[in-house]
Amino acid sequence: MVTLAAIQQAKQKLAPYIFETPLIRLAGLDELLGCQVYVKAECMQKTNSFKIRGALNKMLSLPAEQLQNGVVAASSGNHGKGVAFAAKLLGIKATIVLPDTAPQIKVDGIRALDAEIVQCKLAERHIIAKKLSDQYGYTIIHPYDDYDIITGQGTAGLEIMAQLPAVDCVVVPIGGGGLIGGIATAVKSINPQARVIGAEPAVLSRYEKSRKAGERVLVEEKASLADALLTLQPGEKNFPIFQKYVDDVVGVKEEYLAGGVKTLLLEGKILAEPSSAIGIAAALQGSLRITKEDKVCFLVSGGNVSLSQLAKL
């Protein structure tokens, strides 16, 4: 299960292999975003994404004999890169199942880590991964619906609380729910008064609709600039954690996502992909219940974005 103690143990396990990413004060954004702005720069993590935390924690938790045939992962890109990195570190084969819409920079990053890539339609990723697992004996490394994955992602929350103990609010991108589940568990366990807010694409508001329904809702597949947040339903293990710890979830309209990237890059000098800048976009949209006095930490979850993508934005 996901507990503060389990996250602390994961932090010790991961320490030799990952960076403790910086938490950066961006006072120049205070007036624009309406709060005291801090950024947790997971875009500066190894593989340029937080995903290595969960992937490596999961793989280090498995017996070596279980991994001997290799691993397979369904991914939008960043999880796949994290799994590929961990597999190379452990000397095993990785197969990554990506949507055919995945940005080329993510495809190339995974291929550079010697992983095999299989591409398919977005909704078929997990089906294909399961078939490959059954056929070749690969161990599935799920991107979010797994307690070891959630616990690994929660180590970023431990770092936030150590770097900014007085934080009032942490804003986290939300796709399947692995990142926000781990971070919310860590933050709320250390300071129950700190708020945790999830930001998801408005066109894929699976968590907002699921919260209202009181159960996991499957939404219709739609395109979004936030290509790493395209999950269609909250994870089975993730949703109860979300219900317990997350204070609010906001849907961000597509027209604000590019503004989030541009604001971080031009005003904050931090390069982030649209999915990772969604918290900044939520503030630009005016959807966060925050005040000028609040110390707000925006989790910038990844920076795997190309110059061609920036040009389009």
Inset, instruction - Give a yes or no on whether the backbone of A186 and the side-chain of S189 come within a donor-acceptor separation of less than 3.5 Å. - result: no

Legend entry - Donor-acceptor contact below 3.5 Å, side chain N48 vs main chain G302: no

Legend entry - Sequence neighbours excluded, every pair satisfying salt bridge (charged side-chain N to carboxylate O under 4.0 Å, His left out) that has a member inside residues 155-183: K40-E159, R53-E159

Inset, instruction - Output yes when a side-chain donor or acceptor of E273 lies under 3.5 Å from a complementary backbone atom of V305, and no otherwise. - result: no

Inset, instruction - Assess whether atom NZ of K13 is packed by more than 12 heavy atoms of other residues, nucleotides or ligands within 6.0 Å. - result: yes

Inset, instruction - Name all pairs fulfilling the salt bridge (charged side-chain N to carboxylate O under 4.0 Å, His left out) condition that reach into residues 216-233, sequence neighbours left out, sorted by first residue then second. - result: K106-D227

Legend entry - Q66 side chain vs P63 backbone, donor-acceptor pair below 3.5 Å: no

Legend entry - Residue pair Y207 / I180, side-chain heavy-atom distance below 4.5 Å: no

Inset, instruction - Taking Q8 for its side chain and L158 for its backbone only, find out whether a donor-acceptor pair lies under 3.5 Å. - result: no

Inset, instruction - Please list, chain by chain and in numerical order, all residues satisfying salt bridge (Lys or Arg N to Asp or Glu O under 4.0 Å) with D134, sequence neighbours excluded. - result: K130

Legend entry - Side-chain donor or acceptor of E200 paired with backbone N/O of L229 under 3.5 Å: no

Legend entry - Lys/Arg N to Asp/Glu carboxylate O, R289 vs D294, below 4.0 Å: no

Inset, instruction - Taking R111 for its side chain and E116 for its backbone only, find out whether a donor-acceptor pair lies under 3.5 Å. - result: no

Legend entry - Cluster companions of Y138 among Ile, Leu, Val, Met, Phe, Trp, Tyr (side-chain spacing under 4.5 Å): V72, V97, V118, I128, L132, Y136, I140

Inset, instruction - Check whether any side-chain heavy atom of K292 sits under 4.5 Å from a side-chain heavy atom of D30, and report yes or no. - result: no

Legend entry - Side chain to side chain, L264 and V39, heavy atoms closer than 4.5 Å: yes

Legend entry - Any side-chain heavy-atom pair of M44 and P22 under 4.5 Å: yes

Legend entry - Rounded distance (nearest 0.5 Å) linking atom CZ of F50 with atom CD of Q153: 5.0 Å

Inset, instruction - Would you name the heavy atoms of V172 and I183 that are closest together and state the gap between them? - result: CG2-CG2, 4.1 Å

Inset, instruction - List the atom of S301, the atom of L179, and the distance in Å for their closest heavy-atom pair. - result: CB-CD2, 4.1 Å

Legend entry - Residue pair L33 / V296, side-chain heavy-atom distance below 4.5 Å: no

Inset, instruction - For Q163 and T21, indicate whether the former's side chain and the latter's backbone hold a donor-acceptor pair under 3.5 Å. - result: yes

Legend entry - Whether over 12 other heavy atoms sit under 6.0 Å from L307 CG: no

Inset, instruction - Tell me yes or no: between the side chains of S49 and T47, is some donor less than 3.5 Å from an acceptor? - result: no

Inset, instruction - Keeping the roles fixed (side chain from E267, backbone from G28), state whether a donor-acceptor pair exists under 3.5 Å. - result: no

Legend entry - Connected hydrophobic set around L98, excluding itself, where side chains approach under 4.5 Å: L14, Y17, I18, I52, L56, M59, L60, L62, L67, V71, V83, F85, L89, L90, I92, I96, V107, I110, L113, I117, I141, I149

Inset, instruction - Evaluate ring-ring contact (aromatic ring centres under 6.0 Å, His included) for H79 paired with H142, printing each intermediate quantity in order. - result: CA-CA 9 Å; H79 175 64; H142 200 281; 7.8 Å; no

Inset, instruction - Say whether, by atom type as modelled, one donor and one acceptor occur between the side chain of N238 and the main chain of Y144 under 3.5 angstrom. - result: yes

Inset, instruction - Please examine the side chains of Q243 and S210, heavy atoms only from C-beta on, and report whether any two atoms are closer than 4.5 Å. - result: no

Inset, instruction - Check salt bridge (Lys or Arg N to Asp or Glu O under 4.0 Å) between K88 and all other residues, then give those that pass, not counting sequence neighbours. - result: D114

Legend entry - Least distance between heavy atoms, T185 atom then L4 atom: CG2-N, 4.4 Å

